Amino acid sequence: MHLAALHTPSQIQLNKDGNLKHFITIEGLSKETLTKILDTAHSFINDQNQLVTNNLLEGRTVMNLFFENSTRTRTTFEAAAKRLSANVLNIDIARSSTSKGETLRDTLWNLEAMAADVFVVRHSSSGAAHFIAETVCPHVAIINAGDGRHAHPTQAMLDMLTIRRETKKKFEDISIAIIGDIKHSRVARSDIAALQTLGCQDIRVVAPNTLLPHGFEHYGEGVRLFNKMDEAIQDCDVIITLRIQNERIDSPALSSQAEFYKMYGLNQERLALAKPDCIVMHPGPMNRGVEIDSSIADGDQSVILHQVTNGIAVRMAVLALSMQGQLQEKGLLEAIAV
Ligand code: CP
């Protein structure tokens with residue numbers, strides 16, 4: 001994939017009116033845009049904490065294109081699209097003609113010809129969603145559902161919605177620790193970008209040196225690095241634990257999973273160092289007994305399953321807003337009003 005000649009992802013995400021057209025990455029989006037996504041997601045949850053259903057995307061077609069495995073993201077995108085009354089097609093990539101040598105471009109052009117309005121794309125190559133949005137199917141709204149170790153923007157937004165709803169604090173006033181395999185994590189990268197944009201001043205990144213990306217010390221405003229877990233967790237409002245992304249690691253980054261748990265696993269003793277009302281988050285999939293103890297994953301401070309539900313609201317918001325941008329481009333805006 002040749003990305004050198006492409007615009008930056010942030011340049012192609014908004015249309016000329018400043019509305020979301022594609023959702024590729026958090027980087028480059030303003031606080032206003034992120035807040036609009038959060039507010040729209042919030043509007044899809046009623047006073048009884050239930051997700052609403054409406055017909056905003058009636059007659060529109062959302063295609064899920066997952067070139068990499070997923071439980072939460074694929075299913076919650078499907079649930080979100082159905083709650084907006086869209087047609088949803090889950091393309092079975094493993095059984096598609098890509099296995100017979102058809103190029104990605106040809107596969108996508110054929111799917112576009114089947115009247116696709118939105119492609120939700122997960123791919124193991126960093127830059128895949130951007131490449132599709134800019135060079136293959138610019139007239140379809142492209143939503144990045146995770147590309148390599150680059151970005152997972154809807155995960156970041158559901159994490160932000162969860163933090164906002166659960167802590168009821170301003171992002172400016174929150175101390176957050178992100179613990180684990182930062183180097184290979186698209187979630188960590190997107191979460192940090194979203195937290196910085198929303199004004200968080202105290203982002204503590206906790207990992208052994210082997211699981212930190214090169215140059216991370218220059219990551220930017222509000223970010224501090226810690227090698228020692230106990231120091232990092234002190235008085236935190238939010239802890240996000242991350243899985244070790246073995247599928248993206250070429251050479252051993254750890255002596256053993258048991259050693260990782262001893263040094264960086266979140267257990268009761270460590271959680272007690274955070275604020276008493278600290279919430280515990282994990283994007284999943286979760287490895288119990290490696291990055292997190294089961295008693296915490298299932299405990300009172302865990303909001304891990306709330307993240308999943310919030311994921312539906314956020315994905316409804318991103319689908320509705322990006323479709324609004326696409327329809328605006330095509331002069332069909334009267335069809336939808338969010
Ligand atoms: N958090 C997340 O992306 O989970 P899935 O891989 O199950 O979609």
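Remember, it's a predicted structure, so these values are computed and weren't measured experimentally. Side chains are part of it too, since the values below use all heavy atoms of this structure and drop only hydrogens, waters and symmetry mates. Note that ligands are numbered from 1 as they come in the structure, with each ligand's atoms numbered from 1 the same way.
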key: Any pair counted as salt bridge (charged side-chain N to carboxylate O under 4.0 Å, His left out), so long as it reaches residues 261-270, sequence neighbours left out   = Asp230-Arg270
Inventory of protein N or O atoms under 3.5 Å from ligand 1 N or O:
{"residue": "ligand 1", "atom": "1 (N)", "partner": "Gln155", "partner atom": "OE1", "Å": "3.1"}
{"residue": "ligand 1", "atom": "1 (N)", "partner": "Pro283", "partner atom": "O", "Å": "2.8"}
{"residue": "ligand 1", "atom": "1 (N)", "partner": "Gly284", "partner atom": "O", "Å": "3.2"}
{"residue": "ligand 1", "atom": "3 (O)", "partner": "Thr73", "partner atom": "OG1", "Å": "3.0"}
{"residue": "ligand 1", "atom": "3 (O)", "partner": "Arg122", "partner atom": "NH2", "Å": "2.9"}
{"residue": "ligand 1", "atom": "3 (O)", "partner": "His152", "partner atom": "NE2", "Å": "2.9"}
{"residue": "ligand 1", "atom": "4 (O)", "partner": "Arg72", "partner atom": "NE", "Å": "3.1"}
{"residue": "ligand 1", "atom": "6 (O)", "partner": "Arg122", "partner atom": "NH1", "Å": "2.9"}
{"residue": "ligand 1", "atom": "7 (O)", "partner": "Thr71", "partner atom": "N", "Å": "2.7"}
{"residue": "ligand 1", "atom": "7 (O)", "partner": "Arg72", "partner atom": "N", "Å": "2.9"}
{"residue": "ligand 1", "atom": "7 (O)", "partner": "Arg72", "partner atom": "NE", "Å": "3.1"}
{"residue": "ligand 1", "atom": "7 (O)", "partner": "Arg72", "partner atom": "NH2", "Å": "3.0"}
{"residue": "ligand 1", "atom": "8 (O)", "partner": "Ser70", "partner atom": "OG", "Å": "2.6"}
{"residue": "ligand 1", "atom": "8 (O)", "partner": "Thr73", "partner atom": "N", "Å": "2.9"}
{"residue": "ligand 1", "atom": "8 (O)", "partner": "Thr73", "partner atom": "OG1", "Å": "2.6"}
{"residue": "ligand 1", "atom": "8 (O)", "partner": "Arg122", "partner atom": "NH1", "Å": "3.4"}
{"residue": "ligand 1", "atom": "8 (O)", "partner": "Arg122", "partner atom": "NH2", "Å": "3.3"}

ask   = Where do His306 and Thr162 come nearest, in terms of heavy atoms and distance?
value = O-OG1, 4.4 Å
key: Shortest non-hydrogen contact from Gln307 toward His282   = OE1-N, 2.9 Å
query = Between Glu221 and Gln196, what is the shortest heavy-atom contact and its length?
reply = O-NE2, 2.9 Å
request  = Tell me whether the guanidinium CZ or amine NZ of Arg122 lies under 6.0 angstrom from the six-membered ring centre of Phe66 and within 45° of its axis.
outcome  = no
key: Glu78/Lys82 salt bridge by N-O under 4.0 Å criterion   = yes
